[in-house]
There are 2 protein chains.
Amino acid sequence: MKKPEISRPTLGRIPLYLKYLRSLPPNTESISATAIAAGLGLGDVQVRKDLGILCGSGKPKTGYVRLELIESLESYLECKNGGAVIVGGGQLGKALLDYRGFETFGISVLAAFDKRTAKAESSAKGKPILPVETLPSFCENYEVNLGIIAVPAESAQEACNLLYDSGIRAMWCFAPCQLYKPADAVIQYENLALSLAHLKMQVNQL
Amino acid sequence: MKKPEISRPTLGRIPLYLKYLRSLPPNTESISATAIAAGLGLGDVQVRKDLGILCGSGKPKTGYVRLELIESLESYLECKNGGAVIVGGGQLGKALLDYRGFETFGISVLAAFDKRTAKAESSAKGKPILPVETLPSFCENYEVNLGIIAVPAESAQEACNLLYDSGIRAMWCFAPCQLYKPADAVIQYENLALSLAHLKMQVNQL
DNA sequence: TAGATTGTTAATCGATTAACAATC
DNA sequence: TAGATTGTTAATCGATTAACAATC
């Protein structure tokens with residue numbers, strides 16, 4: 001069950017397709033790319049290309065089998081295994097810990113870890129916030145392959161090292177900084193300030 | 001003092017250039033694009049192109065005048081005027097309210113507004129969290145041109161309408177939903193779940 | 001057959017990178 | 001002059017869109 005490589009925009013459209021396909025009347029057997037495109041405000045060629053990669057071919061005149069599409073798309077998102085942990089139990093860390101949206105892509109955020117936490121606590125939605133010392137053993141007991149760095153820039157390198165030493169090779173960093181990392185680690189930076197600045201620039205141009 | 005149109009990646013590099021230029025010894029008069037590129041790990045042609053748009057020409061053999069570069073870059077980021085407000089005083093709203101990174105791009109986040117807030121409160125870093133009813137009058141008293149939507153998807157449309165009616169035309173939405181908006185409003189969606197899913201996909205391919 | 005729908009190939013667009021001519 | 005550095009023009013790359021031939 002090898003997953004094809006897809007682009008980030010295509011990945012982002014998977015939940016839209018699923019939502020639309022599930023919203024159709026249950027007796028809908030087939031659906032055309034044209035109809036899906038119209039329903040979601042996308043281009044029909046784009047839909048056809050996405051579905052071609054993710055679900056295989058459709059049939060001229062009839063389109064695609066709805067249930068097959070749903071199954072293919074779901075199986076693409078299905079978490080092989082492994083969840084995410086957060087380093088940093090401040091406001092951002094807690095907000096991410098309780099954010100529901102990750103489930104849309106089949107990702108579980110298991111727990112947050114904080115320096116200032118002496119014994120296990122619970123977030124507003126009941127997820128664990130644990131002492132940072134317990135991170136390595138947590139990663140041994142649970143399958144974890146994503147690390148989220150939600151600490152101030154001063155502590156980000158420390159967090160990165162800790163995650164790496166706990167066996168995590170993929171990290172998502174909210175701190176505005178440049179981390180030093182071993183070659184086999186992947187770090188994706190989330191630049192919230194840039195996103196807001198870009199929006200501001202767009203409207204200032206008007 | 002009209003600002004040239006620049007791409008989002010270029011905008012993102014401005015703070016890097018500024019940080020590097022300010023870090024040079026104070027007696028540094030001139031600096032070449034090649035040196036800046038080496039210092040930041042970028043391509044030299046890219047640096048030259050960015051500086052050409054933002055700061056004007058350099059001189060062959062000598063490069064660019066450091067202080068002129070700093071001034072041009074700073075003036076580009078300088079907030080004409082107007083700040084941002086947040087709708088939603090939950091964990092995400094508070095995290096964004098206290099996030100320092102926006103200052104890097106010259107943007108001030110002034111206050112958050114929440115339904116559940118009965119009278120004025122303060123965030124951990126002393127910024128105001130106010131009753132949502134007071135948003136329109138706040139926007140009359142202060143210059144505000146950016147709205148940040150940090151409420152659950154169910155309330156996002158309401159938040160969008162409120163911001164629009166308060167005169168705000170640019171919004172940054174964290175809720176996973178599609179908002180209906182007047183033609184003259186710009187909405188930029190921040191899809192955190194997609195960012196994490198994209199990272200997961202990259203490492204799953206390995 | 002005719003027509004709706006498919007998949008593919010070529011064109012477009014924005015950003016980066018490479019090649020190169022211009023200049024102090 | 002020679003060489004470092006510039007700015008520009010062309011090539012590349014990834015994603016979207018347009019045009020079109022194939023098929024049930």
Side-chain angles (χ1 to χ4, degrees), chain A residues 4-14 16-17 20-21 24 28-66 68-69 72-73 188-189 191 194-195 197-199 201-202 205, chain B residues 4-14 16-17 20-21 24 28-66 68-69 72-73 188-189 191 194-195 197-199 201-202 205:
Chain A
E5 275 200 52
I6 61 174
S7 70
R8 181 180 166 126
T10 297
L11 179 62
R13 287 188 290 266
I14 295 180
L16 305 179
Y17 295 142
Y20 179 79
L21 292 168
L24 293 171
T28 312
E29 293 279 335
S30 296
I31 179 88
S32 74
T34 319
I36 297 174
L40 294 171
L42 303 172
D44 61 330
V45 183
Q46 185 166 72
V47 173
R48 223 167 275 129
K49 208 179 152 212
D50 285 345
L51 296 184
I53 299 173
L54 292 162
C55 311
S57 293
K59 278 184 189 163
K61 183 104 172 172
T62 55
Y64 304 80
V65 179
R66 186 175 73 103
E68 283 178 18
L69 287 187
S72 304
L73 295 170
Q188 183 174 284
Y189 296 91
N191 194 335
L194 173 56
S195 296
H198 181 65
L199 174 64
M201 194 186 66
Q202 280 179 306
Q205 300 295 347
Chain B
E5 274 200 51
I6 61 174
S7 71
R8 181 180 166 127
T10 297
L11 179 62
R13 285 188 291 268
I14 295 179
L16 304 180
Y17 295 141
Y20 179 78
L21 291 168
L24 294 171
T28 313
E29 293 278 335
S30 297
I31 179 88
S32 74
T34 318
I36 298 174
L40 293 170
L42 302 173
D44 61 331
V45 183
Q46 186 166 74
V47 173
R48 225 168 272 129
K49 208 179 153 212
D50 286 344
L51 297 183
I53 299 173
L54 292 162
C55 312
S57 294
K59 277 184 190 162
K61 183 106 175 168
T62 57
Y64 304 80
V65 179
R66 186 174 73 103
E68 283 178 16
L69 286 187
S72 306
L73 294 171
Q188 183 173 283
Y189 295 91
N191 195 336
L194 174 56
S195 296
H198 182 65
L199 174 63
M201 194 184 66
Q202 280 179 305
Q205 300 295 346

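Lettering follows sequence order; numbering is per chain, from 1.
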L51(A) CG to dT5(C) P, in whole Å, measures 14 Å

Nearest-angstrom distance from the residue atom CG of D44(A) to P of dA4(C) = 14 Å

Residue pair V47(A) / L40(A), side-chain heavy-atom distance below 4.5 Å = no

Interatomic distance where CZ belongs to R8(B) and C1' belongs to dT16(C) [whole Å] | 17 Å

NA contact type, G43(A), heavy-atom cut-off 4.0 Å: base, sugar-phosphate, or nothing?
-> nothing

With both distances under 3.5 Å as the test, what is the Watson-Crick or G-U wobble partner of dT23(C)?
-> dA4(D)

I36(A) atom CD1 is separated from dT5(C) atom C1', nearest whole Å, by 12 Å

Are L69(A) and Y20(A) side-chain neighbours, meaning at least one heavy-atom pair lies under 4.5 Å?
-> no

Return the value, rounded to whole Å, for the distance between atom CD of Q46(B) and atom P of dA18(C).
-> 11 Å

R13(A) side chain near dA15(D) phosphate (N/O to OP1/OP2, under 4.0 Å) | no

Ranking dT6(C), dT6(D), dT17(C) by distance to the side chain of A33(A), first place goes to dT6(C)

If we only count heavy atoms from C-beta on, is the S195(A) to R8(B) side-chain gap below 4.5 Å?
-> yes

Integer-rounded Å distance: dT5(C) C1' and E29(A) CD = 18 Å

Any side-chain heavy atom of I36(A) within less than 4.5 Å of one from L42(A)?
-> no

Per atom distances to the K61(B) side chain, the nearest of dG3(C), dT6(D), dG3(D) is dG3(D)

d(CG, D50(B); P, dT17(C)) in whole Å | 11 Å

Going from CE on M201(A) to CG on L194(A), what distance comes out if it is rounded to the nearest 0.5 angstrom?
-> 9.0 Å

Do you know which two heavy atoms are closest between Y64(A) and R48(A), and how far apart they sit?
-> OH-CG, 3.2 Å

So, for D44(A) and T34(A), which heavy atoms are closest and what is the spacing to 0.1 Å?
-> CB-CA, 4.1 Å

Residue S32(B), side-chain heavy atoms: nucleotide from dT5(D), dT16(C), dT6(C) that is nearest | dT5(D)

Protein and nucleotides 7-10 of chain C: nitrogen or oxygen contacts under 3.5 angstrom:
residue: dG7(C); atom: OP1; partner: G58(A); partner atom: N; Å: 2.8
residue: dG7(C); atom: OP2; partner: Y64(A); partner atom: OH; Å: 2.5

dA11(C) pairs with, by Watson-Crick or G-U criteria that keep both distances under 3.5 Å | dT16(D)

